[in-house]
Amino acid sequence: MSQVRVRFAPSPTGFFHIGSARTALFNWLYARHTGGVFILRIEDTDKERNSDQFLNLIYDSLHWLGLNWDEGPKVGGEFGPYLQSQRGAVYREYLEKLKATGRTYEKDGATWFKLIGERSEVFDDHRKKTVTKVKTAPTVIDDLIRGRVERLEDEDFVIVRSDGNPVFHFTNVVDDIAMRITHVIRGEDHLSNTSKHVELFKAFGVPVPQFAHIPLILKQNGPGKMSKRDQGALIEEYQKRGFLPAALVNFLSLLGWNPGGDREKMPVEEIVRLFDLPGVNQSNARFDDKKLAHVNMLYLLELPPDTFVEKARQYFEAQHPDAPALKAKAAYFRDVMLLSQPKIKGLEELPAYTAYFFTEDYVVDPKVREKVMAKGDPKARLHELIGALAVFDFSTDSAIEDSIKNLGGRHNLAFGDYQAVARLGVSGTNAGPSITGMFRLLGREKVEERLKRLLGS
RNA sequence: GCCCUCAUCGUCUAUCGGUUAGGACAGGAGAUUCUCAAUCUUCAAAGCGGGGUUCGAGUCCCCGUGGGGGCACCA
């Protein structure tokens, strides 16, 4: 069997969203799984809506997700150019071929594709106009995911507009022929178009590629498929929020596909090894940001320290360039980030989660403050802590723990009696990493200063 | 309106005619503890309805219902 050649063919007419990303991913996975070729083709024939900004977004998003293409813009290939806007000559050549078969005609200045069969005029009361129906046999589509699908294509359709520009159905099919595409993997929203495409392939006298129509991703809340306007739809957004691409890829691969059994968290190499078209589901999947957040956390937790610190720094630099954290010493930044790594679900939590390590101007949660100061005798505890700080051993977490325990022992109290008020004092809140770690990193002076400030306020 | 398509816990899904219908996310309870997470234990949670086929159906077929998509000189 010849080599698999698949393509991802987006239009640069809007933001790059989760549905497009998954279509790209499934194509890429199939190419990698079969040792085939993954082609990127830009369908930029809509001159009104195209933009370079959206084009670059496609490149950036694919790069970020790790979906490298073997042929396409920037990397070239023997079937280029890979931007439809540059393929006018190819379309003219194929149009002549089609005209030679007698399967086209001109009407109203446009070129139409002619179906074979008896014609009759029928009034379509949904579209409120008279249309010409062609009596013909249904088109059969053998879909790798949906099985045998029959659809009646019974109206001629435009392939070249009166302004001379070829339409999507035509360019799409011509390019799939010219680029030797073997498998068309795309969203189910194209299933209804497929009968047009199959008729074109047949008219050109070429073999019809294998089709695989993947289910759509439905919006999290409310009806309908996910679109660019929906909350959580944009890849760019996940990139900005510091999600790990590996996590997003893993999550996306599981939306509509699974390897069978209970496996969920898999490195991408494993997904490539297991992925196959018959394993793709037939039903639409609803997007779930909670699950994505969970997968992201799993990947974050297992990141090696150096990698985590690097990712954290990149996140700060990209999204919070003015954060005091970036002005701190590298070793201190590292210590703070590593102390926080096991506690957060996403990098985007980091700035707020670690703010008090880098500034004296951190927020004190009034509710927490009220709650902590109302319980027991916090002022006495603060006094005791401040008094003992000078003899505390700040060298390690366990030394600090022992110091607090010793202090407690002298007052017939336990570690826990100091925990809440100390935490409020040094961080302004009640949630955070271990109090001993916080003491150690902040150091004796700052701890003392902050505890005194709380006592005096 | 017409055409296509899909249907298991709230969500993502496993099950290749015979299972106490399994897992994960989310939710509840508990354990741990230095708060919050994480982690561990645990609870609750599903075969859309109706007909067939079969010894036996979530699984195959039909009808209904519901969801999704499409019906342009957009892609």
Side-chain angles (χ1 to χ4, degrees), chain A residues 9-14 43-46 48-50 84 107-112 124-127 131 138 141 143 145-147 149-155 157-169 171-172 187-195 213 215-218 220 223-225 251 254-265 281-295 297-298 300-301 340-345 349 353 368 372 397 400-401 404-405 414-424 427 429-438:
Chain A
S11 297
T13 55
E43 306 217 328
D44 53 349
T45 55
D46 186 342
E48 300 299 308
R49 296 195 295 148
N50 286 334
Q84 289 192 329
K107 191 176 97 183
D108 305 330
T111 307
W112 295 65
D124 182 320
D125 43 44
H126 185 63
R127 283 182 285 172
V131 296
I141 302 151
D143 195 281
I145 293 168
R146 336 212 61 107
V149 177
E150 273 189 26
R151 190 171 180 281
L152 187 64
E153 195 60 50
D154 63 354
E155 281 177 42
F157 53 92
V158 171
I159 52 175
V160 180
R161 288 185 270 268
S162 47
D163 65 3
N165 288 311
V167 307
F168 159 74
H169 303 298
T171 58
N172 192 266
E188 200 216 48
D189 48 345
H190 285 292
L191 190 54
S192 306
N193 290 328
T194 306
S195 47
H213 286 94
L216 301 179
I217 298 175
L218 269 29
Q220 186 152 245
K225 66 171 173 172
F251 170 78
L254 257 16
L255 224 48
W257 170 82
N258 76 82
D262 296 338
R263 295 214 55 188
E264 291 203 333
K265 183 170 176 294
N281 290 118
Q282 300 181 302
S283 49
N284 295 337
R286 202 166 289 278
F287 181 77
D288 182 359
D289 62 353
K290 292 250 177 51
K291 184 124 183 180
L292 171 58
H294 179 258
V295 175
M297 181 197 71
L298 295 180
L300 221 42
L301 281 177
S340 309
Q341 180 180 11
K343 313 283 287 183
I344 56 161
K345 286 192 165 208
E349 294 174 27
Y353 196 80
V368 173
V372 171
D397 282 10
I400 295 169
E401 189 176 339
I404 297 178
K405 278 181 178 164
F415 183 100
D417 293 308
Y418 296 95
Q419 191 275 132
V421 71
R423 182 176 294 281
L424 173 67
S427 75
T429 183
N430 63 348
S434 88
I435 188 73
T436 53
M438 286 163 55

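Residue numbers start from 1 in every chain, and the chains themselves are labelled A, B, ... in the order their sequence lines are given, proteins ahead of strands.
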Side-chain donor or acceptor of A:Arg151 paired with backbone N/O of A:Thr194 under 3.5 Å: no
Quick check for you: to the nearest 0.5 Å, what is the distance between A:Asn50 atom CG and A:Thr45 atom OG1? 7.0 Å
Stepwise, does the salt bridge (Lys or Arg N to Asp or Glu O under 4.0 Å) test hold for A:Glu264 with A:Lys291? CA-CA 11 Å; A:Glu264 291 203 333; A:Lys291 184 124 183 180; 3.3 Å; yes
Rounded to the nearest angstrom, tell me the gap between atom NE2 in A:His294 and atom C1' in B:rU13. 15 Å
Which residue, A:Lys291 or A:Leu152, contacts RNA chain B at a nucleotide closer to its 5' end, judged by nearest heavy atom? A:Leu152
Does A:Ala414 offer a backbone N or O that forms a donor-acceptor pair with the side chain of A:Asp417 under 3.5 Å? yes
Using a cut-off of 4.0 Å between protein heavy atoms and nucleotide atoms, how would you tag nucleotides 27-37 of chain B 5' to 3' with B, S and -? -------BBBB
Nearest to the side chain of A:Leu301, heavy atoms from C-beta on, is which of B:rA24, B:rA38, B:rA75? B:rA38
Take atom C1' in B:rA7 and the same atom in B:rG58, then report the distance between them in whole Å. 11 Å
Test item: side-chain donor near acceptor, A:Ser434 and A:Thr436, under 3.5 Å: yes
Nearest-nucleotide comparison on RNA chain B, the residue closer to the 5′ end among A:Trp257 and A:His169: A:Trp257
Separation between the P atoms of B:rG49 and B:rU42, rounded to whole Å: 31 Å
Does A:Asn258 have a side-chain nitrogen or oxygen under 4.0 Å from the phosphate oxygens OP1 or OP2 of B:rA24? no
Tell me whether A:Ser162 contacts the main-chain N or O of A:Ala110 through its side chain, where contact means a donor paired with an acceptor under 3.5 Å. no
Write down the distance separating the P atoms in B:rC25 and B:rC43, rounded off to the nearest Å. 16 Å
Opposite nucleotide pairing with B:rA21, Watson-Crick or G-U, both atom distances under 3.5 Å: none
Is the backbone of A:Pro215 close enough, under 3.5 Å, to the side chain of A:Gln282 for a donor and an acceptor to pair up by distance? no
Could you work out the separation of B:rA14 and B:rU8 based on their P atoms and round it to a whole Å? 10 Å
Rounded to the nearest 0.5 Å, what separates atom NZ in A:Lys265 from atom CG in A:Leu298? 6.5 Å
Who is the Watson-Crick or G-U wobble partner of B:rG1, with both distances under 3.5 Å? B:rC71
Atom pairs, protein N/O to nucleotides 5-10 of chain B N/O, distance under 3.5 Å:
{"unit_1": "B:rU5", "atom_1": "O2'", "unit_2": "A:Arg146", "atom_2": "NH2", "d": "3.3"}
{"unit_1": "B:rU5", "atom_1": "O2'", "unit_2": "A:Glu188", "atom_2": "OE2", "d": "3.0"}

C1'-based separation of B:rU15 from B:rC9 [nearest Å]: 15 Å
For A:Asn258, does its backbone N or O pair with a side-chain atom of A:Arg263 as donor and acceptor, under 3.5 Å? no
Watson-Crick or G-U counterpart of B:rA7, or none if no pair lies under 3.5 Å: B:rU65
Give me the distance, rounded to whole Å, that separates B:rG64 from B:rA45 when you measure between the P atoms they each carry. 34 Å
Taking the P atom in each of B:rC40 and B:rA24, what is the distance between them to the nearest angstrom? 9 Å
Between B:rU41 and B:rC6, how far apart are the C1' atoms? Round to whole Å, please. 38 Å
Can you establish whether the number of heavy atoms outside A:Lys290 located under 6.0 Å from its atom NZ is more than 12? no
Please produce a list of atom pairs where a protein N or O lies less than 3.5 Å from an N or O of nucleotides 70-73 of chain B.
{"unit_1": "B:rG70", "atom_1": "OP1", "unit_2": "A:Lys225", "atom_2": "NZ", "d": "3.4"}
{"unit_1": "B:rC73", "atom_1": "O2", "unit_2": "A:Ser162", "atom_2": "N", "d": "2.7"}
{"unit_1": "B:rC73", "atom_1": "O2", "unit_2": "A:Ser162", "atom_2": "OG", "d": "2.9"}
{"unit_1": "B:rC73", "atom_1": "N3", "unit_2": "A:Ser162", "atom_2": "OG", "d": "3.0"}
{"unit_1": "B:rC73", "atom_1": "N4", "unit_2": "A:Asp108", "atom_2": "O", "d": "2.9"}

Which one, B:rU13, B:rG68, B:rA24, comes nearest to the side chain of A:Asn281? B:rU13
Under 3.5 Å donor-acceptor, A:Glu155 side chain and A:Val131 backbone: no
Can you check whether A:Phe287 reaches A:Leu255 side chain to side chain, under 4.5 Å on heavy atoms? yes
Can you tell me the pairing partner of B:rG47 across any strand shown, Watson-Crick or G-U wobble, with both distances under 3.5 angstrom? none
When you measure from the side chain of A:Asp44 to the backbone N and O of A:Pro12, does any donor-acceptor pair fall under 3.5 Å? no
B:rU42 - base-pair partner by Watson-Crick or wobble geometry, distances under 3.5 Å: B:rG28
